[in-house]
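Everything quoted here is computed from the prediction, not taken from an experiment.
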Amino acid sequence: MGEIVFAAGLPHAPALVGLFARAPAEIQKVVRETYESLVRELEAARPDVLIVFANDHLANSRIRAYPDFLIGMAAEHQGPHEWFKPWIGCRDFAAKGHPAVAEALFRGMTKRGIRMNAERANLNFDDNISVPTVLMDLDKRRIPLVPVLQNCTVPPYPDQRRCYFIGEALGDLIACDLPADLRVGLVGSGGLSHEPGGARYYVIDEEFDRWFLDLCCAGGHRKLLDGLTIDRMEAAGSGGTSEVLAWVIVMGAVGERPGHSFGYAIHSDFRCGIGAVSWDVARRAT
């Protein structure tokens, strides 16, 4: 049976790369220490594969035929897509894929009644996969990736309870369907509060962000699921805050376990609350 050895939720704001140098020193320190800490934990966990859930920014599917989930099955994942390069401002990458795990994910979730689309060609990656890949040097570490692009934008999309259920199914799949002794890392990429291109483009809902981070770390998920409604996410930042649903899938997969945060930062150039959580996959919440 497979084993989850690493689980984290992290932001992918493009300005964390392209505009990072413009941030004040104390903000840079929070961001740098956050990703350095995540890298240390990832290296200590030694995953054989990293499954990354991240929202799709309308770059791979038409709105009238928009899948809730799209699995990248390529042997190599290249990015960022040419159109997004000036926006993100990050280097090119070519991360190793894991087609066998991607296929097992597609088959296993289908068997569990959860429909996911899949694509063998290289997907169009923007900040969703590109930012965590370059900030954590995932390509250089040669950790195979399975990207899963998630609909958090085109209604009706899976809400917090559906995402948690999908995460539980994912955890069961890893335990029951993947090869014995396969070490699996999980990442939810996206958030925190932001409203890309909207009337509140530069408004960050710090109260929401700290509430969400605190409940992620507490380990008891009922209160989080009760409060993390689509309406509340839209109020915190329309069209962007719902990216944290990728974190909810990871939480569903690992179950009620405590987590720890790495600090929190706000800067106008980032246009997004910045914070991350890593869950202790070795112990349950008390």
Side-chain angles (χ1 to χ4, degrees), residues 9 11-15 51-74 77-88 90 102 105-106 109-110 112-133 145-167 169-170 187-203 205 208 228-250 252 271-272:
H12 63 227
I51 303 175
V52 182
F53 283 81
N55 66 300
D56 184 38
H57 295 99
L58 306 177
N60 291 275
S61 303
R62 298 183 179 215
I63 290 178
R64 290 186 178 181
Y66 206 83
D68 286 336
F69 298 94
L70 178 61
I71 304 170
M73 305 181 85
H77 304 292
Q78 300 178 14
H81 185 268
E82 196 70 29
W83 192 89
F84 298 102
K85 286 183 179 181
W87 177 45
I88 305 171
C90 74
L105 179 61
F106 177 76
M109 296 305 264
T110 301
R112 289 165 174 81
I114 298 166
R115 177 64 179 172
M116 291 187 172
N117 289 21
E119 177 59 65
R120 294 191 184 278
N122 191 69
L123 298 177
N124 298 329
F125 298 118
D126 48 47
D127 50 321
N128 48 18
I129 299 296
S130 302
V131 169
T133 296
L145 304 182
V146 176
V148 184
L149 300 187
Q150 178 177 351
N151 175 22
C152 299
T153 308
V154 180
Y157 54 82
D159 66 6
Q160 77 279 15
R161 297 191 188 280
R162 178 64 177 170
C163 287
Y164 194 83
F165 172 79
I166 290 168
L170 174 64
V187 170
S189 171
L192 296 167
S193 68
H194 65 297
E195 187 167 304
R200 296 172 294 169
Y201 194 22
Y202 290 92
V203 176
D205 191 334
F208 171 89
L228 192 67
T229 64
I230 290 177
D231 285 345
R232 183 160 189 180
M233 288 183 284
E234 284 292 289
S238 181
T241 309
S242 55
E243 293 174 7
V244 299
L245 289 170
W247 298 33
V248 175
I249 290 178
V250 175
R271 301 163 199 164
C272 179

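- When side chains are defined from C-beta on, F69 counts as touching I249, because their heavy atoms get closer than 4.5 Å.
- A donor-acceptor pair is defined here as one N or O able to donate and one able to accept, closer than 3.5 Å; no such pair exists between the side chain of N124 and the backbone of N60.
- Of the possible polar contacts, none joining the H81 side chain to the G79 backbone as a donor-acceptor pair under 3.5 Å is found.
- Counting heavy atoms from C-beta on, the side chains of L105 and V146 come closer than 4.5 Å.
- Contact of the I129 side chain with the H77 side chain is not registered, since no non-hydrogen atoms from C-beta on lie closer than 4.5 Å.
- Every residue two or more places apart in sequence or in another chain that forms a salt bridge (charged side-chain N to carboxylate O under 4.0 Å, His left out) with R112 is listed here: D172, D177.
- One distance of note links CD of E119 with CG of L149; it measures 11.0 Å at 0.5 Å rounding.
- The two residues N151 and P156 make their nearest non-hydrogen contact at ND2-O, 4.4 Å.
- Closest non-hydrogen pair, S61 versus D56, comes out as N-OD2, 4.2 Å.
- Once rounded to the nearest 0.5 Å, the distance linking CD1 of I230 with CG of L245 reads 7.0 Å.
- S130 contributes a side-chain N or O that, together with a main-chain N or O of D126, makes up a donor-acceptor pair within less than 3.5 Å.
- Side-chain contact between F165 and I114 is present, with at least one heavy-atom pair separated by less than 4.5 Å.
- Judged as a ring-ring contact (aromatic ring centres under 6.0 Å, His included), and not counting sequence neighbours, Y66 has no contacts.
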- Decide side chain to side chain contact (heavy atoms under 4.5 Å, CB included) for D205 and T241; before the verdict, give the C-alpha distance in whole Å, the side-chain angles of both, and the deciding distance to 0.1 Å. CA-CA 10 Å; D205 191 334; T241 309; over 6 Å; no

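- Residues T229 and Q160 have side chains in contact (heavy-atom distance under 4.5 Å, counting atoms from C-beta outward).
- Between the side chain of N122 and the backbone N or O of Q78 there is at least one donor-acceptor pair closer than 3.5 Å.
- Here the closest non-hydrogen pair linking G190 and W247 is O-NE1, 3.0 Å.
- Side-chain atoms of S189 never come within 3.5 Å of backbone atoms of H12 as a donor-acceptor pair (strictly under, hydrogens ignored).
- Contacts classified as salt bridge (Lys or Arg N to Asp or Glu O under 4.0 Å) and involving residues 145-155 (residues at least two apart or in different chains) are not found.
- Put simply, CG on L228 and CZ on F208 are 5.0 Å apart, with the number rounded to the nearest 0.5 Å.
- Taking both residues in full, the closest heavy atoms of N55 and C152 are given as CB-SG, 3.8 Å, listed atom of the first, atom of the second, then distance.
- Looking only at side-chain heavy atoms (C-beta outward), R115 and D68 stay at 4.5 Å or farther from each other.
- For R200, the salt bridge (charged side-chain N to carboxylate O under 4.0 Å, His left out) partners are E195, not counting sequence neighbours.
- Screening residues 146-163 for salt bridge (Lys or Arg N to Asp or Glu O under 4.0 Å), with sequence neighbours left out, gives R161-D226.
- Residues A102 and G72 approach most closely at CB-O, 3.9 Å, considering heavy atoms.
- Residues M116 and F106 approach most closely at O-CE1, 2.8 Å, considering heavy atoms.
- Once rounded to the nearest 0.5 Å, the distance linking NZ of K85 with SG of C90 reads 9.0 Å.
- For Y164, the ring-ring contact (aromatic ring centres under 6.0 Å, His included) partners are H221, not counting sequence neighbours.
- No donor-acceptor pair under 3.5 Å is formed between the side chain of E243 and the backbone N or O of L192.
- At a threshold of 4.5 Å between non-hydrogen side-chain atoms, the residues M109 and L170 count as touching.
- Side-chain contact between P11 and H194 is absent, with no heavy-atom pair separated by less than 4.5 Å.
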